[in-house]
Amino acid sequence: MSKVGEKHTVVIGGGIVGACTALELIRAGQKVTIVDLGEPGGRQAASYGHGCWISPASVVPMSLPGLWKQVPSYLMNPKGPLVIRWRHFPTLLPWLVRFLLAGASVRKVESTAQALSWLLRDSPERHQVLSEKLGMPDLIRRDGLLYAYPDRRAFEREALAWHLRRITGLRWRELDRTALALREPGLDEHYSFGILAEDGAHCIDPGAYVARIAKAALADGAQLVRARVSEFVFEDDRLSGVRTDQGTIACSRAVVAAGAWSKALARCAGDRIPLESERGYHGVVSLERGGPRHPVMPSDGKMANTPTTQGLRLSGQVELASIDAPPNWRRVDILLEHARKTYPALAKLKDIEIDRWMGHRPSTPDGLPVIGRSSRSPDVFYAFGHGHVGFASGPITGSIVAQQITGNDQPFNIRPYSPRRFRLGRYEP
Ligand SMILES: Cc1cc2nc3c(=O)[nH]c(=O)nc-3n(C[C@H](O)[C@H](O)[C@H](O)COP(=O)(O)OP(=O)(O)OC[C@H]3O[C@@H](n4cnc5c(N)ncnc54)[C@H](O)[C@@H]3O)c2cc1C
């Protein structure tokens with residue numbers, strides 16, 4: 001039963017962002033329906049298969065000064081950590097140009113890092129509190145995140161990335177060969193230098209965690225509808241419903257939290273957002289002994305190796321192609337090949353069973369999410385485009401959107417995430 005004066009909000013998408021938004025709204029006394037074409041936290045969602053890192057260090061955008069020089073290798077080297085599929089290059093070109101421009105100067109990437117740090121700096125604590133409230137504190141581990149390098153020079157070659165982390169307040173500890181081997185005895189000996197980002201955390205079962213967040217919202221009175229949303233129904237500029245393949249759902253507000261699929265919905269609400277899928281992959285292998293005890297990012301593999309409930313999750317790769325293109329499972333073989341060089345115990349295993357997954361990072365060219373009201377209607381809100389950091393920043397995004405909807409003050413300036421920042425020659429938050 002609706003409360004007097006209560007508005008009904010449809011949250012489109014039950015990934016980490018939609019689930020957290022729904023939970024915040026229902027706890028603020030709103031009437032909420034989550035609409036997703038799959039199960040919340042199911043395999044179709046990026047929130048299921050990511051690298052599990054909850055990292056205040058993830059403030060470094062993908063586009064950095066000088067990256068343009070590497071574009072030819074992204075097109076030519078099918079084994080690199082970032083590839084652009086030739087066939088999709090012409091369609092992706094406008095996004096790529098904006099992407100390269102976003103990282104054209106140190107000043108630009110410093111301001112992007114700052115805006116990302118507002119979303120990430122307390123992300124481990126937010127996830128810890130949330131998991132405790134859900135009665136699943138074991139899913140979040142706050143024991144740091146490790147970057148492994150062959151030597152100190154390899155670390156120094158990433159000076160800009162660590163500069164961005166330093167100016168956003170990250171603390172870390174340097175590990176020499178002995179300290180590194182103590183932290184991660186299973187690492188190959190070609191790694192002799194490490195950085196331990198002590199504030200970092202990880203999740204050991206993201207799919208179960210997101211499903212649990214959605215379940216908590218349902219237990220508090222939210223509804224779940226399995227359907228695909230196709231458009232909005234407006235009366236003048238006011239929202240009266242969302243149209244789905246199962247019929248129209250009457251509502252007075254909607255939140256677009258459909259991850260990489262949000263672009264068409266934003267278009268229906270008056271905004272052309274340059275959103276593309278940065279496709280990524282994971283492989284899960286079972287490694288009982290000699291595997292990592294904690295999450296590790298080996299600098300030569302550019303991937304996250306994270307112990308999870310299901311096994312060791314090897315995740316990474318950035319593949320730019322259309323959202324509908326079929327997966328290229330050789331990308332998981334590349335991840336496995338790197339992991340064999342990282343862990344001698346894995347290199348010794350024959351006939352490895354591996355669970356392969358491909359998913360879509362919802363990525364804007366400037367590496368910042370889109371959070372704010374739509375241009376067409378004050379009743380449609382956006383919460384998508386979190387690229388590489390959506391899992392970590394899901395809870396704070398849910399809280400920002402709920403505060404916008406309920407008319408409360410924001411904890412910090414959210415203007416950098418404005419949907420209108422992509423308009424040429426004009427900037428209205
Ligand atoms: C390989 C890889 C590694 C990553 N590693 C990390 C990491 O370590 N840390 C981190 O913070 N982030 C990481 N990310 C990024 C992170 O996974 C995403 O940013 C985040 O999960 C996005 O969450 P979301 O809720 O916006 O979207 P999703 O999780 O994709 O959820 C969107 C939901 O919307 C639904 N949907 C879509 N269209 C419709 C529609 N029309 N109608 C109804 N429902 C719809 C989908 O079914 C889906 O359930 C990684 C991503 C990848 C791919």
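In each ligand, atom 1 is the first atom listed, and ligand 1 is the first ligand listed. On a predicted model such as this, the values are computed, not experimentally measured, just so you know.
Any N or O atom pair closer than 3.5 Å counts here, and Asp36 shares at least one such pair with ligand 1. Polar contact check, Tyr281 against ligand 1: no nitrogen or oxygen pair lies under 3.5 Å apart. Of the polar atoms of Gly387, at least one N or O is found under 3.5 Å from an N or O of ligand 1, judged by distance alone. Not one N or O of Ile12 is nearer than 3.5 Å to an N or O of ligand 1, by distance alone. Geometrically, ligand 1 and His388 share a nitrogen or oxygen pair separated by less than 3.5 Å. Considering backbone and side-chain N/O of Gly18, none are found under 3.5 Å from N/O of ligand 1. Note: no N/O pair closer than 3.5 Å links Ser315 and ligand 1 by distance alone. In terms of N/O distances under 3.5 Å, ligand 1 is approached by Gly390. Taking any N or O of Ser47, backbone or side chain, at least one lies under 3.5 Å from an N or O belonging to ligand 1. Checked by distance only, ligand 1 and Val229 come closer than 3.5 Å through their nitrogen or oxygen atoms.
Less than 4.0 angstrom separates some heavy atom of Val35 from each of these atoms of ligand 1: 43 (C), 44 (N). Counting the atoms of ligand 1 from 1 in the order shown, those under 4.0 Å from a heavy atom of Ala45 are 28 (P), 29 (O), 30 (O), 31 (O), 48 (C), 49 (O). Within ligand 1, counting atoms from 1 as listed, the ones closer than 4.0 Å to a heavy atom of Val389 are 10 (C), 11 (O), 12 (N). Within ligand 1, counting atoms from 1 as listed, the ones closer than 4.0 Å to a heavy atom of Ala227 are 42 (N), 43 (C). Those atoms of ligand 1 with a heavy atom of Gly13 less than 4.0 angstrom away are 33 (C), 34 (O), 35 (C). Numbered from 1 in the order shown, with element, the atoms of ligand 1 that lie under 4.0 Å from a heavy atom of Trp261 read 30 (O), 37 (C), 38 (N). Residue Phe391 has at least one heavy-atom neighbour below 4.0 Å for each of these atoms of ligand 1: 10 (C), 11 (O), 12 (N), 16 (C), 20 (C). Close contacts between ligand 1 and Ala392 involve ligand atoms 10 (C), 11 (O) [criterion: under 4.0 Å to a heavy atom].
Under the 4.0 Å criterion applied to side-chain N and carboxylate O atoms, Arg356 and Asp333 are assigned as salt-bridge partners. Here Asp366 does not pair with Arg98 in a salt bridge; the nearest charged N to carboxylate O distance is not below 4.0 Å. Taking a cutoff of 4.0 Å between a charged side-chain nitrogen and a carboxylate oxygen, Arg171 and Glu198 do not qualify as a salt bridge. The existence of a salt bridge linking Lys133 and Glu24 is excluded, since no basic side-chain nitrogen approaches an acidic carboxylate oxygen closer than 4.0 Å. Under a 4.0 Å N-O distance rule, the pair Lys263/Glu276 qualifies as a salt bridge.
Listed here is the closest heavy atom pair of Pro206 and Ser47: CB-O, 3.5 Å.
Judged by distance alone, with hydrogens and angles left aside, the side-chain atoms of Arg212 form no donor-acceptor pair with the main-chain N or O of Met136 at under 3.5 Å.
Not a single heavy atom of Phe384 sits under 4.0 Å from any atom of ligand 1. Proximity of Ala304 to ligand 1 is not established, as no heavy-atom distance is less than 4.0 Å. The shortest separation from a heavy atom of Arg228 to ligand 1 is under 4.0 Å, placing the residue in contact. At least one heavy atom of Pro362 sits closer than 4.0 Å to an atom of ligand 1.
The side-chain tip of Arg376 does not point at the ring of Phe232 from less than 6.0 angstrom away and within 45° of straight on. For the pair Arg165 and Trp162, the cation-pi criterion (under 6.0 Å, within 45° of the ring axis) is fulfilled. The cationic atom of Arg121 (NZ for Lys, CZ for Arg) does not lie both less than 6.0 Å from the six-membered ring centre of Phe412 and within 45° of the ring axis.
Here the shortest heavy-atom distance to atom 30 (O) of ligand 1, taken over Ala46, Gly394, Ser58, Ser277, belongs to Ala46. Here the shortest heavy-atom distance to atom 27 (O) of ligand 1, taken over Pro369, Gly359, Gly259, belongs to Gly259. Taking each of Arg226, Met358, His50 in turn, the one with a heavy atom nearest to atom 6 (C) of ligand 1 proves to be His50. Of the candidates Leu145, Val17, Leu37, the one placing a heavy atom closest to atom 26 (O) of ligand 1 is Val17.
A tilted orientation is assigned to the rings of Tyr209 and His127, their planes being inclined by 30° to 60°. The aromatic rings of Tyr147 and Trp53 sit perpendicular, their planes meeting at an angle over 60°, well past the 30° parallel limit. Aromatic ring pairs are classed by plane angle as parallel below 30°, tilted from 30° to 60° and perpendicular above 60°; the pair Phe193 and Phe155 is tilted.
Of the protein's non-hydrogen atoms, the one nearest atom 31 (O) of ligand 1 is Gly15 CA, 3.5 Å. Scanning all protein heavy atoms for the shortest distance to atom 51 (C) of ligand 1 gives Arg361 CG, 3.4 Å. At the top of the distance list for atom 9 (N) of ligand 1, counting protein heavy atoms only, stands Trp53 O, 2.8 Å. Nearest protein heavy-atom neighbour of atom 5 (N) of ligand 1: Gly51 N, 2.9 Å.
Side-chain atoms of Ser322 and Thr91, non-hydrogen and from C-beta on, never get closer than 4.5 Å to each other. Contact annotation: the side chain of His202 never approaches that of Ser55 to less than 4.5 Å [non-hydrogen atoms, C-beta and beyond].
Checking Thr406 against Asn408 by side-chain atom types alone, a donor-acceptor pair falls below 3.5 Å.
Annotation: the span from Ile54 atom CD1 to Ser123 atom OG amounts to 7.0 Å, rounded to 0.5 Å.
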